[in-house]
Amino acid sequence: MTQTPAAPADIIAPSRQPANQAMRTTAASSAGAYVASSMTKCVASNRSVSCSSSVPLTPSYRSRSLEPSIECPTQRPGPGDGRPVASTAGCSGERRIARPSASARTNSSVAGAQCHEYAPATTSTASPISRTSGGWSWGGMASDCSNGSGQTGRSALRRIVIRWWPPRRTLDAARRRIMKLPAHGSTVDDVMARLRSMQGKDADYHSAKTWGLIYNAGPDVDEMLHAAANHVLAENALNPFAFPSLRQMQGDVVDVAANLLHGGDDVGGTMTSGGTESIFMAVKTARDRMREEKGIRHGRIIIPRTAHPAFIKAAHLLDLEWVHMPLGDDLRTHAAPLAEMITDNTVLAVGSAPNYPFGMVDPIPDMAAIASAAGVPFHVDACLGGFMLPFLERLGHPVPPWDFRVPGVSSISADVHKYGYAIKGASVILHRPKANVRHQIFMFNDWPGGLYGTLAFLGTKPAPPIAACWSVLQFLGEDGYLRLAKDTLEATRKLIQGVRAIDGIHVWGEPDMTVTAIGSHTQDIFAIGDVMNERGWHFDRQEQPNALHLMASPRHNDVIDEFLDDLRFAVAHHAEKSTKAATYGDDVSAEAAAT
Ligand SMILES: Cc1ncc(COP(=O)(O)O)c(C=O)c1O
């Protein structure tokens, strides 16, 4: 195992935690890589899924991962040796690693063979869903083990979501009556009164009680954002010839980002609607570039286990395989496995700066060097760090190398709607060399409407995020961002010190930035989270290992003492077990129920 690196400056470095201890007791093993591509068949009953495959199977590349997965792969070229490989995240009813039997490897119709790494390859493997310490264990569920159509596995996933996703119960209760278009209009005051009355249960970000979703920089920044967004409310950036100012603003935002990230003259890019679109564009660019340069038709991307699921979504939409890199017991991604994992069809390798779950920056120089030596593009996902790390570095905080100063980095995504404090809908994707931007372009003219061209995914493109983004950069300037970075770092430092002073809880890993995951070896951290929720605090929950996920904002300085008081109370007075799960993203249960 790779040595745990030295902790960064003690301003945010927590005490070193025996991460591996809890990792072994949580729902999933941390190490392991797996691939998803083509599918096999799974049949779902109420609480179980059994998978079958008609393809010969061999062990996956270091496949030890037992976590739930949306995709359930069957067959792909093996790591460099051309053998087909079957692997999935958790296809067993038991949380143990079993070597595949000879029959599992060769039998052409072994029920459950898909799951050969984890279960006896004899008969169908029922995988009960069970609840583990504080989180839902999907019992090694292969939740989308479909073939190309994806129906069988996906409906299994739907049933699971409908039945088990706790937020659905909460949301449904608060959610919808059937609304019809009112027969008559109302006044602005009436409508606004109704709108406000619907917000009673919304997360309270005005008083800085949210530790995610909102990056709260204070009322002066809010005023700037409102003014700029309102000013261009109706405009549409689809057509820059109609609104050249929007084109200019987007170009300025890209220039500012490229400069902050030490891009130099050969870096160029575009604004997008957010991290997911920026990541999609990075993956598409790599796919099309490798198709052009190396003739790769069926590409693969390699991503750390802690990378954002937007990469998997992009791979899914762009018909690419994806493979997870193993995660060290120190909760870090290590570069060395990348060298073994790159195959002839690899079109992109990825690192995060920092990753969402633990706020840690991946070893970008080593990973980029390995990728570049193999002629593989390397993307840095700095959606979280792009507008925070540059200022932390200027403040003298130790920041591992991650931007365009690192040779081999070919693209970077950086969200201005996170620590750039723009309104939602503002991100940047940058490419080196800038000529690669052409792979983002879509053009079509064989219809009566004339040439339709877009630089990224959206067609009609709202102007408010563009204008607000451009304006907040002007409004804050370098000194404003430095002030906010200092405040956010201060809040993070107090948070981490406060957590370290409370018996029974700790910070997972060694955050390089202002993102913190709080866990416990002895108590149900989600039950502690329940008490915090009751006291009005809002944050995400994550698993593998279970944690409360806190992203600090400058305004948290105002409430950090209150937060820590409540946390001390919650640690001392919580139920034994929580009934809530770790979820992230939209209420997909409603969609699942409807189909
Ligand atoms: C590291 C990282 N990458 C990508 C994303 C996706 O960004 P978005 O939600 O703007 O699509 C996030 C979101 O939190 C993130 O933290």
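Every number for a ligand or one of its atoms is a count from 1 in the order of the listing.
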Compare Leu384, Ile279, Leu213 and give the one whose heavy atom is closest to atom 16 (O) of ligand 1. Leu384
Between ligand 1 and Lys424, can you find any atom pair, the residue atom being a heavy atom, that is separated by under 4.0 Å? no
Is the contact between Glu277 and ligand 1 made by the side chain, the backbone, both, or neither, using heavy atoms and a 4.0 Å cut-off? neither
min-distance protein heavy atom vs atom 12 (C) of ligand 1 -> His308 CD2, 3.2 Å
Is there a side-chain contact between Val232 and Phe243, using heavy atoms and a 4.5 Å cut-off? no
Would you mind telling me if ligand 1 is within reach of the side chain of Ala310, the backbone, both or neither, using heavy atoms under 4.0 Å? neither
Residue and atom name of the nearest protein heavy atom (relative to atom 1 (C) of ligand 1), distance in Å to one decimal: Asp381 OD2, 3.3 Å
Would you compute the distance between atom NZ of Lys418 and atom OH of Tyr215 and round it to the nearest 0.5 angstrom? 5.5 Å
Using distance alone, determine whether Gly275 and ligand 1 share an N or O pair under 3.5 Å. yes
Enumerated ligand 1 atoms positioned under 4.0 Å from heavy atoms of Cys383: 2 (C), 3 (N), 4 (C)
Please check if atom CG in Asp204 has more than 12 non-hydrogen atoms from other residues, nucleotides or ligands closer than 6.0 Å. yes
So Trp537 and Phe563, would you call those rings parallel, tilted or perpendicular, with 30° and 60° as cut-offs? perpendicular
Is the contact between Thr276 and ligand 1 made by the side chain, the backbone, both, or neither, using heavy atoms and a 4.0 Å cut-off? both
Just wondering, do Ser411 and Asn436 contact through their side chains at under 4.5 Å, heavy atoms? no
Is any side-chain heavy atom of Phe457 closer than 4.5 Å to a side-chain heavy atom of Met281? yes
Distance col, row Asp540:CG vs His549:NE2, nearest 0.5 angstrom, shows 7.0 Å
Check whether any N or O atom of Asn355, backbone or side chain, sits under 3.5 Å from an N or O atom of ligand 1, and answer yes or no. no
Determine, step by step, whether Arg287 and Glu321 satisfy the salt bridge (charged side-chain N to carboxylate O under 4.0 Å, His left out) criterion, reporting the C-alpha distance in whole Å, the side-chain angles of both residues, the deciding distance to 0.1 Å, and the verdict. CA-CA 11 Å; Arg287 184 197 69 168; Glu321 294 175 354; over 6 Å; no
Per-atom contacts of ligand 1 with His417, taking only distances under 4.0 Å to non-hydrogen atoms: 10 (O)
Do other residues, nucleotides or ligands put more than 12 heavy atoms under 6.0 Å from Lys486 NZ? no
Numbered atoms and elements of ligand 1 in range of Asp415, under 4.0 angstrom, heavy atoms: 7 (O), 10 (O)
Among all protein non-hydrogen atoms, which one is nearest to atom 9 (O) of ligand 1, and what is the separation to 0.1 Å? Lys418 NZ, 3.8 Å
